[in-house]
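First the proteins, then the strands, lettered A, B, ... as listed; each starts at 1.
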Number of protein chains: 2
Amino acid sequence: MKPEFSRRQPVNETRCERCSLHARCLPLGLDLKALESFDAIIERPRPLKRGEALVRQGDHFESLYVVRSGSLKQSVAQEGQRDQVTHFYLPGELVGLDGIGDTACYGSVVALESAFVCELPFSRLEDLAERLPELRGQLYRCMSRELRNDQRMMCLLSGRTADQRLASFVLGLSERFRARGCSPYCYHLSMSRSDIGSYLGLALETVSRVLGRFQDQKLVSVEGRELTIHEHAALVALAEEGVGRHSGI
Amino acid sequence: MKPEFSRRQPVNETRCERCSLHARCLPLGLDLKALESFDAIIERPRPLKRGEALVRQGDHFESLYVVRSGSLKQSVAQEGQRDQVTHFYLPGELVGLDGIGDTACYGSVVALESAFVCELPFSRLEDLAERLPELRGQLYRCMSRELRNDQRMMCLLSGRTADQRLASFVLGLSERFRARGCSPYCYHLSMSRSDIGSYLGLALETVSRVLGRFQDQKLVSVEGRELTIHEHAALVALAEEGVGRHSGI
DNA sequence: CGTTTTGCTTGATTCATGTCAAAAAATCGC
DNA sequence: GCGATTTTTTGACATGAATCAAGCAAAACG
């Protein structure tokens, strides 16, 4: 069993200054004084059990959240269609940016495993941003980065094959784990095949089959939800390959 | 021939106060004094010819742009793959939000027809936002709205059939035209079938065929790039239908 | 004003991926 | 620890949409 985030983030480490996510979190770049003001507006870590909802679609928008440990998924339910998973969130990532300026939350956010989140009431964050240009900049940058991620996702969904989508997905997670100081080559998938399928626009059976094929080709090994990357370069090559759908090049 | 935006927006109307897009544009909600400060940082309308690039992928990010007339597309070129269209921009819409905090522009933005854009140098906009809370809020709201749009797009791309994608596309444009005071039932497509296909993740032949089928079913008529919606309700029903891909409901 | 280019439509065929079904494995609850 | 539930794998089959290949229409160009 791999160590999980929850084990690495003792609950009592409640101050931003001491938080090990400091370097990847919203208050990045704030000086000590600013960080203390920031720290002051945070609602202290809130524990979530697997399957528990942090926000429900349609809830009144009030806060952003930073994942402190564990992982979550966002999913949106539309008009009698199957729920669609739109995001996975790892420690340090910001939840709720898509609710700003809207009355209701766009989707539901649910814990995929035991998790802690810090709550940032948006109105207080705005007040603080008025005084802290750095924080303002960070907020813009976070939103803009998310826009770029979403666009990358749109490209993935509209132009690439199932194999390429899964290669990108596996590599994307790998990169995110690496950035958090976890092994990029061997990690735990906290989401089900069905979640992955929904996120990537594939049937869950296809996810299972492709992962199996990757394993046969010795690119990765998958045992349940433990994934090990063996041929990083080959996955990159596959993900970037010119021959997607709609006659590549 | 329908009136086009360019005919409705005389070039010499250069002040924000007199701009007819006022109500849909970034400075929405600013008081007169604030509006004047905002007006002062705008680089005056810049004309673009069909096919001309406003920004090229990889350009250094410096400014946001507001479309004043005409329309544009954003497309990103990846690793030897076919270009992928990621956005269409209509008058009043904000171009470039995805470049904030990044050194380079994420994609190229090209005029689909003759167009004018107002340039907003981002550093000056940031300075101004420091003093104008309303403007700050507007910026957050614009970015957040775009996040929601991108997510809607992701849902469209990963869960819906070709017919549903095109129905949504046609209705989406209709809504955007309506919001701009143009006819929502009869409008001009400034983009090619190939652009639409790229945007929706479909082959251009499929776009052509589905549009043809819609015409046979008397939902719309399409003559070249002139589109008329006959059965709005039926299109809505189709777009929202539970039976997408991945066994609806 | 004819020629070339570009964009659009249409048909035939193929293929990747979805759907349905059932078994196997893992996880959960008591 | 054992039956019940959920998740995952695997197989057989169906099908929507891509691809390939013309042909046609409408601009753009000399």
Side-chain angles (χ1 to χ4, degrees), chain A residues 1 49-51 73 81-82 84-85 112-114 156-167 188-198 200-216 220-227 238 241-249, chain B residues 1 49-51 73 81-82 84-85 112-114 156-167 188-198 200-216 220-227 238 241-249:
Chain A
M1 202 68 192
K49 283 182 298 205
R50 184 177 135 90
K73 68 173 175 185
Q81 291 157 221
R82 195 181 65 157
Q84 164 114 17
V85 175
L112 288 168
E113 57 192 317
S114 301
L156 193 72
L157 290 172
S158 74
R160 330 289 352 248
T161 64
D163 288 40
Q164 294 175 320
R165 291 183 209 192
L166 270 156
H188 181 80
L189 298 165
S190 57
M191 66 294 283
S192 69
R193 303 288 192 266
S194 166
D195 287 336
I196 298 174
S198 173
L200 294 176
L202 300 169
L204 69 94
E205 294 93 329
T206 305
V207 174
S208 178
R209 269 186 259 266
V210 173
L211 247 26
R213 202 182 313 141
F214 282 0
Q215 177 149 255
D216 293 346
V220 303
S221 19
V222 216
E223 287 178 47
R225 293 189 176 184
E226 298 301 319
L227 188 142
L238 179 55
E241 202 168 294
V243 292
R245 313 187 317 140
H246 316 129
S247 46
I249 292 279
Chain B
M1 201 67 192
K49 281 181 298 206
R50 184 177 136 89
K73 67 173 174 184
Q81 291 155 224
R82 196 180 65 157
Q84 163 114 20
V85 176
L112 288 167
E113 58 193 316
S114 303
L156 193 73
L157 291 173
S158 73
R160 330 292 348 250
T161 64
D163 288 41
Q164 294 175 320
R165 293 183 206 191
L166 270 155
H188 180 79
L189 298 165
S190 57
M191 67 294 285
S192 68
R193 302 291 193 265
S194 166
D195 287 335
I196 298 174
S198 172
L200 294 176
L202 300 170
L204 71 94
E205 293 94 328
T206 305
V207 174
S208 178
R209 269 186 260 265
V210 173
L211 249 24
R213 202 180 316 141
F214 282 0
Q215 177 150 255
D216 293 347
V220 304
S221 19
V222 216
E223 287 178 49
R225 296 190 173 184
E226 298 301 319
L227 187 143
L238 178 55
E241 201 167 297
V243 292
R245 314 187 316 141
H246 316 128
S247 46
I249 293 274

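- Residue A:Arg245 has no polar side-chain atom (N or O) positioned under 4.0 Å from OP1 or OP2 of C:dT17.
- Here the shortest heavy-atom pairing between A:Gln215 and A:Val222 reads OE1-N, 2.8 Å.
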Nucleic acid footprint by protein, nucleotides 24-30 of chain D - heavy-atom cut-off 4.0 Å, B for base, S for sugar-phosphate alone: -------

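- Nucleic acid contact class of A:Gly201 (heavy atoms, under 4.0 Å, all strands): sugar-phosphate only.
- Residue B:Ser192 is classed as a sugar-phosphate contact, given heavy-atom separations below 4.0 Å to backbone atoms only.
- Within the 4.0 Å cut-off from OP1 or OP2 of C:dT10, not a single side-chain nitrogen or oxygen of B:Arg209 is found.
- At the phosphate of C:dG18, OP1 or OP2 sits under 4.0 Å from a side-chain N or O atom of A:Thr206.
- In this structure, the side chains of A:Val85 and A:Ile196 stay at 4.5 Å or more apart for every pair of heavy atoms.
- Nucleotide D:dT8 holds its C1' atom 11 Å from the CG atom of A:Leu211, rounded to whole Å.
- Residue B:Gly159 is out of contact with every strand shown, counting any heavy-atom pair closer than 4.0 Å.
- Using a 4.0 Å heavy-atom distance criterion, B:Leu202 is classed as a sugar-phosphate-only contact.
- Here A:Arg225 lies in heavy-atom contact (under 4.0 Å) with sugar-phosphate atoms only.
- Overall bending of the helix from C:dC1-D:dG30 to C:dC30-D:dG1, expressed as the angle between end axes built from five pairs apiece, is 60° (10° steps).
- Mapping A:Arg165 and B:Leu204 onto DNA chain C by nearest heavy atom places B:Leu204 at the nucleotide closer to the 5' end.
- Under 4.0 angstrom from either OP1 or OP2 of D:dT6 there lies no side-chain N or O belonging to A:Arg193.
- Note on B:Thr161: every side-chain N or O is 4.0 Å or more away from OP1 and OP2 of D:dG16.
- Looking at heavy atoms from C-beta onward, A:Val220 lies out of side-chain contact with A:Leu211 at the 4.5 angstrom threshold.
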